[in-house]
Amino acid sequence: MEGYFLIQVLLLSSVCLLTNCCLLSKSGACAMQNSFYGGRLTLVDEGDLRQGSAPPWANQRLFVFKMPPSFFKGGHYHSKFGHRGFVRIWMPEEAPCSGDRSQHVFPSEITEQAFCLDSSLPCYQTPPSYDQSEPLEFSNITSAGITVTWPAWDETVDHGHGPIVEYRIQIKGPGEEKFTEIPKGRQLSHQFTGLRENADYKFRISVIRDHPFGEGTPSNEQTGRTSGAPLYANPEPLEFKDVTSSGITVTWPAWDPIFDTGTGPVTGYMIMYREEGHITWTSKETESLSVQLTDLTEETAYEVAIKLKYKQGNYTEQSTTQMVHTSLAEPPSFANPEPLEFRDVTSSSVTVSWPEWDPRADSGTGPVTRYKIYYRQEGNGEWKTEETSGTFVSLTELTDGTAYEVAVSLEDRNGDYTNASVAQIATTACEDLVITDLNYTSLSKRVGYARAIVMWSVEGVTDSCRVLSQSLSFRLLDILECGGVPPTVDVKPRVVHVEDGEARKRTVIHLKANSLYNLTLRLNTQTGTNKRSLSIQTVTTRPTGEPTNLESEMNNSDMVFRWNKPKCSKRNGPINSYHYTVATFMPNATNPAPVIAEHTEDNKIRLREDDPRIWPNEQYVFTVRATTGTGSGVLSSPTTDMQFVFESQHGAITDIMVSVT
């Protein structure tokens with residue numbers, strides 16, 4: 001309430017409220033030497049006028065007004081309480097708050113002049129103010145702005161009297177002496193912009209009532225601080241991986257306003273690094289979350305920090321420095337202990353290839369520009385070498401069928417070759433070793449079973465190109481009975497190993513009789529496998545089945561005999577011919593000597609009328625048996641036969657008597 005004064009006097013007549021006042025002389029003339037800004041009446045409650053202390057005249061009506069500073073120039077108008085310019089007017093409670101203009105003379109002890117008091121204005125009421133000691137709240141805090149909000153003034157809980165027509169927010173920045181006031185009408189918030197980064201600002205709020213003296217006491221000061229530049233909440237956000245003697249991969253998390261401090265957005269990053277103890281920093285800018293530092297010094301400590309890019313490309317201060325050490329440079333080597341591959345192998349050469357050395361996948365420190373291949377016969381002491389800048393080399397003038405040890409070494413950055421890798425074995429081919437013959441014989445001693453005696457011969461065997469192992473494979477193709485093996489059946493072949501590498505003959509038992517097999521001979525050498533295949537057929541001990549449905553008929557005076565092949569259930573073939581006989585019928589005779597005994601591949605024969613071996617009007621017996629691939633010695637049994645008679649009349653057969661036994 002700076003600039004306000006209290007004057008207390010005993011008024012004998014009605015008291016007026018001052019608006020435009022003039023000074024009067026004792027004669028009553030109005031002198032306009034001094035003017036007051038205005039005043040108002042108030043009822044002091046418990047002595048509180050919000051001027052810092054409770055006055056001693058509680059529950060009295062006072063006249064409060066503001067006077068120009070010139071009014072007290074020269075030390076006039078001292079109050080009887082010793083305060084310069086501090087006087088009071090006491091008014092009885094029955095004094096009116098409004099009315100006609102009136103003049104009152106101050107007591108002589110205060111002044112010799114009179115004041116014109118205008119009692120037409122309403123009585124004074126206490127200006128409004130907040131009851132809360134800190135009514136302001138801060139939000140949307142950035143590095144350049146703060147939003148301040150306040151509650152609506154509530155006459156039921158706050159101080160003074162309404163109604164409220166305006167709120168005025170006040171701000172005072174760092175180094176400023178006075179508050180700057182911003183009228184907000186009836187709004188309850190204000191967004192301050194253009195503030196200084198990371199700075200403290202003081203705020204307070206005043207509440208305005210519709211009255212000449214309607215501005216209440218400002219609230220207590222509250223401090224709000226703008227935020228700083230974006231920073232990681234983690235003081236050590238950097239992580240290091242893939243550390244080598246000359247490089248480090250640095251990674252970091254994306255700046256996140258939820259977890260980190262300051263104000264974004266962050267649009268980029270800068271990594272700062274230098275050798276420990278050095279002054280000059282080297283930097284790398286990126287928009288990603290990792291960067292690879294290269295060309296570093298081996299076995300050296302490096303200081304590394306990060307800056308965040310924001311606000312039109314500005315960078316923040318760098319983070320806390322973190323330390324990382326490069327490793328000691330190791331000679332380059334392949335991470336794969338067996339990097340060599342062998343191709344185009346012949347009896348005298350082999351091509352050796354390898355991948356290009358890759359610092360991301362292999363070991364040690366590069367660069368690698370050349371390779372050296374070491375090779376020697378297995379077990380020998382002296383190495384031969386070949387150098388190249390490529391990734392393959394052909395080794396020539398080698399010995400056929402010989403195992404060679406082969407290794408690779410890398411040229412390091414000093415021009416020296418590293419130690420050779422683990423030796424790998426490459427063996428030249430045995431091109432002259434071939435199978436020159438493969439044949440077999442078959443034998444059957446038990447019904448349903450057979451054996452095969454397989455024989456073969458090999459040429460080109462030397463001490464270096466020798467047969468290490470042999471095997472015979474029998475895959476069943478068909479059983480020559482009742483349809484054989486269905487072609488959809490995957491028959492697993494039977495493999496017979498020949499342990500002796502020099503043996504060239506093997507008898508294989510327990511094969512199926514009368515069946516087709518695919519026979520494969522395999523010879524395994526140091527460098528590969530030679531093989532040769534052959535189709536074979538096993539034999540059988542079973543007799544063939546007998547022909548059936550033997551019939552005869554006359555055809556141009558000749559007699560034709562027909563029959564059916566043996567049934568599948570009795571077949572032990574293959575049936576490739578038939579054996580028939582014609583013998584003179586003799587009762588009670590066993591196996592009479594035939595007059596005709598011949599083979600035929602067809603299932604019919606013709607006996608001609610003019611055959612000199614057949615006599616007319618003689619009774620004969622015709623007999624037919626089936627034969628197999630083993631020859632006519634294996635005949636069908638029992639036999640199928642038929643009795644017949646040629647009867648001649650005028651040179652023609654006139655009658656046939658047939659009997660079947």
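Within 6.0 Å of NZ in Lys384 there are 12 or fewer heavy atoms belonging to other residues, nucleotides or ligands. The environment of Phe585 atom CZ is dense: over 12 non-hydrogen atoms of other residues, nucleotides or ligands sit within 6.0 angstrom. In the displayed structure, Trp615 atom CH2 is contacted under 6.0 Å by at most 12 heavy atoms of other residues, nucleotides or ligands. By the neighbour-count criterion of 12 heavy atoms within 6.0 Å, atom OH of Tyr449 is sparsely surrounded, having that number or fewer from other residues, nucleotides or ligands. Open room surrounds NZ on Lys565; 12 or fewer heavy atoms of other groups in view lie less than 6.0 Å from it. The number of heavy-atom neighbours closer than 6.0 Å to CG of Asn419, taken from other residues, nucleotides and ligands shown, is 12 or below.
If you take OG1 on Thr441 and CD1 on Ile453, they are separated by 3.5 Å, rounding to the nearest 0.5 Å. For the atom pair CG of Leu607 and CD1 of Ile605, the computed distance is 4.0 Å after rounding to the nearest 0.5 Å. Once rounded to the nearest 0.5 Å, the distance linking CH2 of Trp563 with NZ of Lys604 reads 10.0 Å. To the nearest 0.5 Å, the span separating CZ on Arg451 from CZ on Arg446 amounts to 9.0 Å. With rounding to the nearest 0.5 angstrom, the OG atom of Ser469 is 11.0 Å from the CZ atom of Arg522. Expressed to the nearest 0.5 Å, how far OG1 of Thr282 lies from CG of Asp295 amounts to 10.5 Å.
Salt-bridge annotation for Glu502 and Arg466: absent, with no side-chain N of the basic residue lying under 4.0 Å from a carboxylate O of the acidic one. Classification of Glu387 and Arg370 as a salt-bridged pair holds, one side-chain N sitting under 4.0 Å from a carboxylate O. A salt bridge links Glu598 to Arg613: one of the charged nitrogens lies within less than 4.0 Å of a carboxylate oxygen. At a threshold of 4.0 Å, the pair Glu298-Arg413 counts as salt-bridged, since one of the basic side-chain nitrogens sits closer than that to a carboxylate oxygen. The existence of a salt bridge linking Asp610 and Arg608 is excluded, since no basic side-chain nitrogen approaches an acidic carboxylate oxygen closer than 4.0 Å.
A pairwise comparison of heavy atoms in Ala407 and Ser421 identifies CB-O, 3.4 Å as the closest pair. Pairing each heavy atom of Ile425 with each of Phe342, the nearest pair is O-CE1, 3.6 Å. Between Gly364 and Trp357 the shortest heavy-atom distance is O-CZ2, 3.9 Å. Taking each heavy atom of Asp260 and Trp255 in turn, the nearest pair found is CB-NE1, 3.3 Å. When every heavy atom of Pro237 is checked against every heavy atom of Tyr232, the shortest pair comes out as CG-CD1, 3.5 Å. Between Ala593 and Ala583, the closest heavy-atom pair is O-CB, 3.8 Å.
Inter-residue side-chain proximity for Leu443 and Thr507 is flagged as unmet; no heavy-atom pair is nearer than 4.5 Å. Val582 has its side chain out of reach of Pro594: every pair of non-hydrogen atoms, C-beta onward, lies at least 4.5 Å apart. Annotation: side chain of Val454 is in contact with side chain of Phe474 (closest heavy-atom distance under 4.5 Å). Inter-residue side-chain proximity for Glu330 and Leu328 is flagged as unmet; no heavy-atom pair is nearer than 4.5 Å. Residues Leu477 and Tyr517 fail the side-chain proximity criterion, which asks for heavy atoms closer than 4.5 Å. Between Ile373 and Val406 the shortest side-chain heavy-atom distance falls below 4.5 Å. Within the 4.5 Å cutoff, no side-chain heavy atoms of Val467 are placed close to those of Asn524. Under the 4.5 Å side-chain criterion, counting only non-hydrogen atoms from C-beta, Gln643 is not in contact with Phe622.
Using a distance-only test at 3.5 Å, with no hydrogens or angles considered, a donor-acceptor pair links the side chain of Gln470 to the main chain of Asp500. No side-chain donor-acceptor contact under 3.5 Å links Tyr440 to the backbone of Thr538. Under a 3.5 Å cut-off, the side chain of Thr385 and the backbone N or O of Tyr374 do not form any donor-acceptor pair. Using modelled atom types, no side-chain atom of Glu411 and backbone atom of Val368 make a donor-acceptor pair closer than 3.5 Å. The backbone N or O of Arg606 sits nowhere less than 3.5 Å from a side-chain atom of Asp558 that would complete a donor-acceptor pair. Side chain of Asn514 to main chain of Thr540: no donor-acceptor pair is present (N/O by atom type, distance under 3.5 Å, no hydrogens or angles). Side chain of Arg532 to backbone of Ile435: a donor-acceptor contact under 3.5 angstrom is found. At distances below 3.5 Å, at least one donor-acceptor pair connects side-chain atoms of Thr326 with backbone N or O atoms of Thr297. Looking only at distances, a side-chain donor or acceptor of Gln322 sits under 3.5 Å from a matching main-chain atom of Leu238. With hydrogens and angles disregarded, a donor-acceptor distance shorter than 3.5 Å links the side chain of Asp358 to the backbone of Arg360.
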ask   = Step by step, would you call Phe392 with Asp344 a side-chain contact (heavy atoms from CB on, under 4.5 Å)?
value = CA-CA 12 Å; Phe392 70 92; Asp344 301 333; over 6 Å; no
task = Would you check, one step at a time, whether the test side-chain contact (heavy atoms from CB on, under 4.5 Å) holds for Ile596 with Ile614?
result = CA-CA 9 Å; Ile596 298 176; Ile614 303 297; 3.9 Å; yes
task = Dump the intermediate steps for side-chain contact (heavy atoms from CB on, under 4.5 Å) on Phe259 and Asn234, then the final yes or no.
result = CA-CA 9 Å; Phe259 303 106; Asn234 176 12; over 6 Å; no
message = Pair Tyr269, Ile271 - check side-chain contact (heavy atoms from CB on, under 4.5 Å), show working.
response = CA-CA 7 Å; Tyr269 304 89; Ile271 292 298; 5.8 Å; no
request  = Tell me, with the steps shown, if Arg562 and Glu553 meet salt bridge (charged side-chain N to carboxylate O under 4.0 Å, His left out).
outcome  = CA-CA 9 Å; Arg562 289 186 175 86; Glu553 66 177 357; 2.3 Å; yes
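Outside the 6.0 Å centre-distance limit, the rings of Phe561 and Tyr580 are not counted as a close aromatic pair. In this structure, Trp354 has its ring center at least 6.0 angstrom away from the ring center of Phe334.
Side-chain polar atoms of Ser457 and Thr436 form a donor-acceptor pair below 3.5 angstrom. Side-chain contact check for Thr418 and Ser409: no donor-acceptor pair (N or O, by modelled atom type) lies under 3.5 Å. Between the side chains of Glu405 and Trp383, no donor N or O sits under 3.5 Å from an acceptor N or O. Side chain to side chain, Thr365 and Ser245 meet the donor-acceptor criterion of an N or O pair below 3.5 Å. Side-chain contact of Thr391 with Glu356: a donor-acceptor pair under 3.5 Å is absent, judged by distance alone.
Taking the six-membered ring where tryptophan is involved, the planes of Tyr273 and Tyr302 are tilted, since the angle between them lies from 30° to 60°.
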